[in-house]
Amino acid sequence: MEKLKEQAGIHAAGYVQNGMVVGLGTGSTAYYFVQELGRRVQEEGLEIVGVTTSHRTADQARGLGIPLKSIDEVDQVDVTVDGADEVDPDLNGIKGGGGALLMEKVVALPTKEYIWVVDESKLVNCLGAFPLPVEVVQYGAQQVFRRFERAGYKPSFRMDGDRYFKTDMQNYIIDLQLDEIPDPLALAQELDLMVGVVEHGLFNQMVQRVIVAGQDGIKELNAE
Ligand code: 5RP
């Protein structure tokens with residue numbers, strides 16, 4: 001599995017050219033993309049500016065000597081490469097397994113070419129087996145939790161030992177065990193309207209290209 005993630009990450013780095021502003025995703029697959037960019041910066045003199053989607057990725061990129069800017073210092077991002085937890089046939093996806101969904105979506109939106117890197121186990125017919133992460137403000141988080149319970153969404157607070165897990169933006173995450181999400185667009189709309197919800201892990205029809213590493217090699221799925 002690790003080898004497949006590495007192959008996908010290195011393949012995606014092929015979309016990065018000199019002079020680009022590059023969104024650097026978060027997670028164990030995006031890690032290999034960032035490593036490969038770092039290698040090219042050091043060995044080939046690749047000149048790019050990175051915009052990171054988490055403190056973790058920022059630490060990695062700094063360690064590799066990749067110059068960084070904040071998302072507010074750039075007008076747009078040329079290409080962003082990130083991982084995903086599930087991807088359906090319409091290229092809707094769940095992200096946020098690593099807790100970085102808010103920053104990931106903020107960087108994805110002004111991106112011209114948004115790419116995911118996954119191993120083939122992430123491809124599903126219907127989203128929802130993977131718990132859907134919802135980032136909520138700390139104030140009133142229990143209220144939001146109870147609303148999810150009443151809706152039958154089987155919520156659980158993400159924990160970090162015996163404390164609530166806190167995102168880089170200091171919010172909590174409530175994971176929803178939905179099992180199946182027959183209409184991801186409708187659910188996204190519902191969550192978008194909920195007071196107390198900062199962002200959710202449904203990334204519907206945002207990605208242009210999904211690079212899938214499998215036992216038979218690399219394949220690319222492209223949005224229509
Ligand atoms: C982090 C994410 C990750 O991209 C997603 O969880 C996939 O991670 P991995 O490549 O480690 O499976 O959304 O918030």
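As the structure lists them, so they are numbered: ligands from 1, and atoms in each ligand from 1.
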Exercise. Do the side-chain N and O atoms of Glu47 and Asn18 include a donor-acceptor pair separated by under 3.5 angstrom?
Worked result: no
Exercise. In terms of atom number and element, which parts of ligand 1 are under 4.0 angstrom from non-hydrogen atoms of Ala100?
Worked result: 14 (O)
Exercise. Which is closest to atom 13 (O) of ligand 1 by heavy-atom distance: Ala30, Gly83, Gly96?
Worked result: Gly96
For this session: Would you check whether Gly99 reaches within less than 4.0 Å of ligand 1, judged by its heavy atoms?
Result: yes
For this session: Please work out whether the ring planes of Phe157 and Phe145 are parallel, tilted or perpendicular, with thresholds of 30° and 60°.
Result: parallel
Exercise. Considering only protein heavy atoms, which is closest to atom 10 (O) of ligand 1, and at what distance to one decimal place?
Worked result: Thr29 OG1, 2.6 Å
Exercise. Only one of Glu2, Lys3, Lys5, Gln7 clears side-chain hydrogen bond (donor to acceptor under 3.5 Å, both in side chains) with Tyr32; which?
Worked result: Glu2
For this session: Just jot down the ligand 1 atoms closer than 4.0 angstrom to any heavy atom of Asp82, in number order.
Result: 4 (O)
Problem set entry | Residues in salt bridge (Lys or Arg N to Asp or Glu O under 4.0 Å) contact with Glu36, at least two apart in sequence or another chain | Arg39
Exercise. Of Gly97, Ser28, Gly9, which has the heavy atom at the shortest distance from atom 9 (P) of ligand 1?
Worked result: Ser28
For this session: Could you tell me whether Ala84 approaches ligand 1 through its side chain, its backbone, both or neither, with non-hydrogen atoms closer than 4.0 Å?
Result: backbone
Exercise. Of the protein's non-hydrogen atoms, which lies at the shortest distance from atom 4 (O) of ligand 1, and what is that distance?
Worked result: Thr26 O, 2.8 Å
Exercise. Does a donor on one side chain and an acceptor on the other come within less than 3.5 Å for Gln35 and Gln60?
Worked result: yes
Contacts table for residues 73-81: side-chain donor-acceptor under 3.5 angstrom, sequence neighbours left out:
| from | atom 1 | to | atom 2 | distance (Å) |
| --- | --- | --- | --- | --- |
| Glu73 | OE1 | Ser70 | N | 2.7 |
| Asp78 | OD1 | Lys112 | NZ | 3.2 |
| Asp78 | OD2 | Val21 | N | 2.8 |
| Thr80 | OG1 | Thr111 | OG1 | 2.8 |

For this session: Pick whichever of Glu104, Glu86, Lys5, Lys95 has a heavy atom sitting closest to atom 1 (C) of ligand 1.
Result: Glu104
For this session: Using a strict cut-off of 4.0 Å, indicate which atoms of ligand 1 neighbour a heavy atom of Lys122.
Result: 9 (P), 10 (O), 12 (O)
Exercise. What is the nearest protein non-hydrogen atom to atom 7 (C) of ligand 1, stated with its residue, atom name and distance?
Worked result: Asp85 OD1, 3.4 Å
For this session: Give a yes or no on this: more than 12 heavy atoms of other residues, nucleotides or ligands lie within 6.0 Å of atom CG of Asp160.
Result: yes
Exercise. Hey, are Asp168 and Arg56 close enough for a salt bridge, meaning a charged N less than 4.0 Å from a carboxylate O?
Worked result: no
For this session: Please state whether Gly25 comes within less than 4.0 angstrom of ligand 1, counting heavy atoms only.
Result: no
Exercise. Relative to ligand 1, is Val117 under 4.0 angstrom through side chain, backbone, both or neither, heavy atoms considered?
Worked result: neither
Seminar exercise, completed: Between Gly97 and Arg158, the two heavy atoms sitting closest are O-NH1, 3.0 Å
